[in-house]
Number of protein chains: 2
Amino acid sequence: MSSQRPTLADVAATAGVSVSTASLAFSGAGPIAASTRERVLAAATELGYSGPNPLGRQLRSGRSGIVGVVVGDALRRSFRDPVSIQVLDGLVGTLGEMNLGVLLIPGPTDPAEPPVDPLVLSAAMDVAVLLWGSGVEDPVLGALRRRGVPTVVVEGVPEPDVATVGIDDRAGMADAARHLVDLGHRRIACVSLPFDRARGEGIVAPERVGEAVWQVTRRRFEGMRDGGVEPVEIYETPASLVEHGAAAGRALLDRPDRPTAVLCQSDLLASGVVLAARELGLAVPGDVSVAGFDGLDLPWLAPDVLTTVAQPLAEKGAQVGRAVAQLLEGNHPDPVVLPVELRVGTTTGPVPA
Amino acid sequence: MSSQRPTLADVAATAGVSVSTASLAFSGAGPIAASTRERVLAAATELGYSGPNPLGRQLRSGRSGIVGVVVGDALRRSFRDPVSIQVLDGLVGTLGEMNLGVLLIPGPTDPAEPPVDPLVLSAAMDVAVLLWGSGVEDPVLGALRRRGVPTVVVEGVPEPDVATVGIDDRAGMADAARHLVDLGHRRIACVSLPFDRARGEGIVAPERVGEAVWQVTRRRFEGMRDGGVEPVEIYETPASLVEHGAAAGRALLDRPDRPTAVLCQSDLLASGVVLAARELGLAVPGDVSVAGFDGLDLPWLAPDVLTTVAQPLAEKGAQVGRAVAQLLEGNHPDPVVLPVELRVGTTTGPVPA
DNA sequence: TTGAAAGCGCTAACAT
DNA sequence: ATGTTAGCGCTTTCAA
């Protein structure tokens, strides 16, 4: 019985039993007489012992019970994006049921900084999750591989040794594009997610699309073309945020030869475009149609309801949780691709006469 | 050299040195010949050893390097609140510099559920942070106390054994109230944050204010009275979200004897009220003035800029990080109270004639 | 049903 | 500068 916090040994001594018996009293992982357990618990209360020290348990079992979640970006930005939040929420819920905790790991921020957070290198975790895709030769993924940490990549490219969970964004974007074409639109502009870590902002040449490093961005461009849309203008944004969408909207719509529709790669960008249109006195969809992607709830856009491609965000998080469980059991889960669905709102309509 | 992942012992054996020497090669916490280090690192590379197992290190040092952060609510809700996000962001940044990781712990959700997440009871953590206040006899705080986990409570009531970081919301709210009074407003309604875990929604009797359990809510009410405002109507919301503010706005403004000003306990609530006013065809601030609290950036409210009481959110997170550092060093940090500042925007004006 | 003993992987006194 | 030794707190065979 040391002067520090009591240990299981102290409790066992006080209760007059062996350490292993005391352990059983707490874990319930073996036969133990009810009376003995009582005695141990009483001793624990007496000593102010609040249960086995997790550190000891973890070393012994080789498991930390922790899932490291690398958010795709600086927290502030990542967490202003309801898409990440909802996935994270679904994930935490599922992991919570399995008694796993989520360790937040900041992803790569500006290109100047070292691309790998120290936590990736040395935090205790049983599994890692990359919340927003992985680039080619991703340094974070490389580090996790070297450590032998099994990993789930959300919206990543399937590779032999990582599990992936994603959505069929290509098909969804194609549906959205087709919807606009069916409405008669031909002069369609596109507001895109970032191409890469450089996060440029502004109109880009169509050729540059091929250079986009981020897979989500690439796939949504591909879907757009599948749907028969060759954009008259492409605006790259540095992040999926309302203000960048608004900037894009101003740049694209404040001119005589403006497009009749704007197809955006995210809902936040799209809602920024809607706000910019309102600001410019343009009617939506009378003068310009706007469509997004994600299926977010955007109460402040009222009375408008954004036309969008809805993806099952919380379900995505839950699927990631399931993949984590698989990896913990030593299996390699099959890639998951969740379906998406075009949801027509009030922001798209026939091309103006 | 087992068939599992290599351990430090394997590396030491391969390099032909003792385990302790190998340890030094990685930690650098002692004298070691450059050539020896080289040899150890070479052996590590050869074996695919990527550094000391954190679990062993943690047990040995008695430190997990983890800070458990209890978010005040279900993640989904909590993370839709930019206030929590910005504090969390500041916190993660500060802790990252000290090589500490953040373990996300869901706070109490609906009153039916058990109020304490299992992670609170048994996850490894050196310090805990309660991100949004603590109630009277808070069960989470109680559990942490029993475990002997030093704790920082954001916006909590100072108690001898917990550190606190907060803002002077009482004074800030008093400024906002005075601002409205100075503009001539007398019929002022209040839209409040939740009173307690029950999270009621709707107009409440003034007497009920005294029963509010959540300290932030209480203090903001007190400030309002300090500023000379006795609200004609109080609307309690179940969470600080735009849609609840909008609901409150509709309830309060859609009637002939409507108030001339609405003082809200958060910016999201206030912006909901502004949207409701617009919806009802009321001019802001021509027909009704609206003020909030927090100092958020609300681009989608443009062209309006909300009158608000700005609090230093990221700085608050950083201060929490500093308090954590203090606790880790065994000190008891003094309570921190950060200043706030009234920022007059375009949503408040003279009382209508 | 209980106890004795080994050891998870590492670090840090201490000795050399 | 390097090696020896002990032990962090726990779980888990194995034997009684």
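Convention: sequence-line order gives letters A, B, ...; per-chain numbering from 1.
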**OP:** Kindly give the heavy-atom pair with the smallest separation between Leu103(B) and Ala123(B), and that separation in Å.
**Re:** CD2-CB, 3.6 Å
Subject >> Minimum-distance nucleotide to Asn53(A) side chain [options: dG3(C), dC10(D), dT11(D)] >> reply: dC10(D)
Original post:
For Leu8(B) and dA12(C), what is the distance between atoms CG and C1' respectively, to the nearest whole Å?
Top reply: 13 Å
Original post:
Under 4.0 Å between a side-chain N or O of Ser61(B) and OP1 or OP2 of dC8(D)?
Top reply: no
**OP:** Establish, with yes or no, whether the OP1 or OP2 oxygen of dT11(D) is under 4.0 angstrom from a side-chain nitrogen or oxygen of Ser23(A).
**Re:** yes
Original post:
Checking all strands, does Ser27(A) fall into the base, sugar-phosphate, or nothing category for heavy-atom contacts under 4.0 angstrom?
Top reply: nothing
Original post:
For Leu144(B) and Ala128(B), which heavy atoms make the closest approach, and how far apart are they?
Top reply: CD1-CB, 3.7 Å
**OP:** Looking only at non-hydrogen atoms, find the nearest pair between Ala124(B) and Leu55(A) and report the distance.
**Re:** CB-CD1, 3.5 Å
Original post:
Any side-chain N or O of Tyr49(A) under 4.0 Å from OP1/OP2 of dG9(D)?
Top reply: no
Original post:
With a 4.0 Å cut-off on heavy atoms, is Phe26(B) in touch with a base, just the backbone sugar-phosphate, or nothing at all?
Top reply: nothing
**OP:** Answer yes or no: does a side-chain N or O of Ser20(B) lie under 4.0 Å from OP1 or OP2 of dG3(D)?
**Re:** no
Original post:
Of Val19(A) and Leu24(B), whose closest DNA chain C nucleotide lies nearer the 5' terminus?
Top reply: Val19(A)
Original post:
Hey, does the side-chain of Thr21(A) have a donor or acceptor N/O within less than 3.5 Å of a partner on the base of dT1(C)?
Top reply: no
Original post:
Which part of the nucleic acid does Leu55(B) contact within heavy-atom distance under 4.0 Å: base, sugar-phosphate only, or nothing?
Top reply: nothing
**OP:** Rounded to the nearest angstrom, tell me the gap between atom CD in Glu38(B) and atom C1' in dA1(D).
**Re:** 16 Å
Original post:
CD of Gln58(A) versus P of dC10(C): gap in Å, rounded?
Top reply: 15 Å
Subject >> Atom-to-atom span, CZ of Arg63(A) to P of dG9(C) - whole angstrom >> reply: 14 Å
Original post:
Rounding to a whole Å, what distance do you find between Leu59(A):CG and dG9(D):P?
Top reply: 12 Å
Original post:
Does Arg147(B) use its side chain to pair, donor to acceptor, with the backbone of Val120(B) at less than 3.5 Å?
Top reply: yes
**OP:** Find out whether Val162(A) and Val152(A) are in side-chain contact, i.e. whether some heavy atom of one side chain is under 4.5 Å from a heavy atom of the other.
**Re:** no
Original post:
Base, sugar-phosphate, or nothing: which does Pro31(A) touch, judged by heavy atoms less than 4.0 Å apart?
Top reply: base
**OP:** Round to a whole Å and report the spacing from CZ of Arg60(B) to C1' of dT11(C).
**Re:** 5 Å
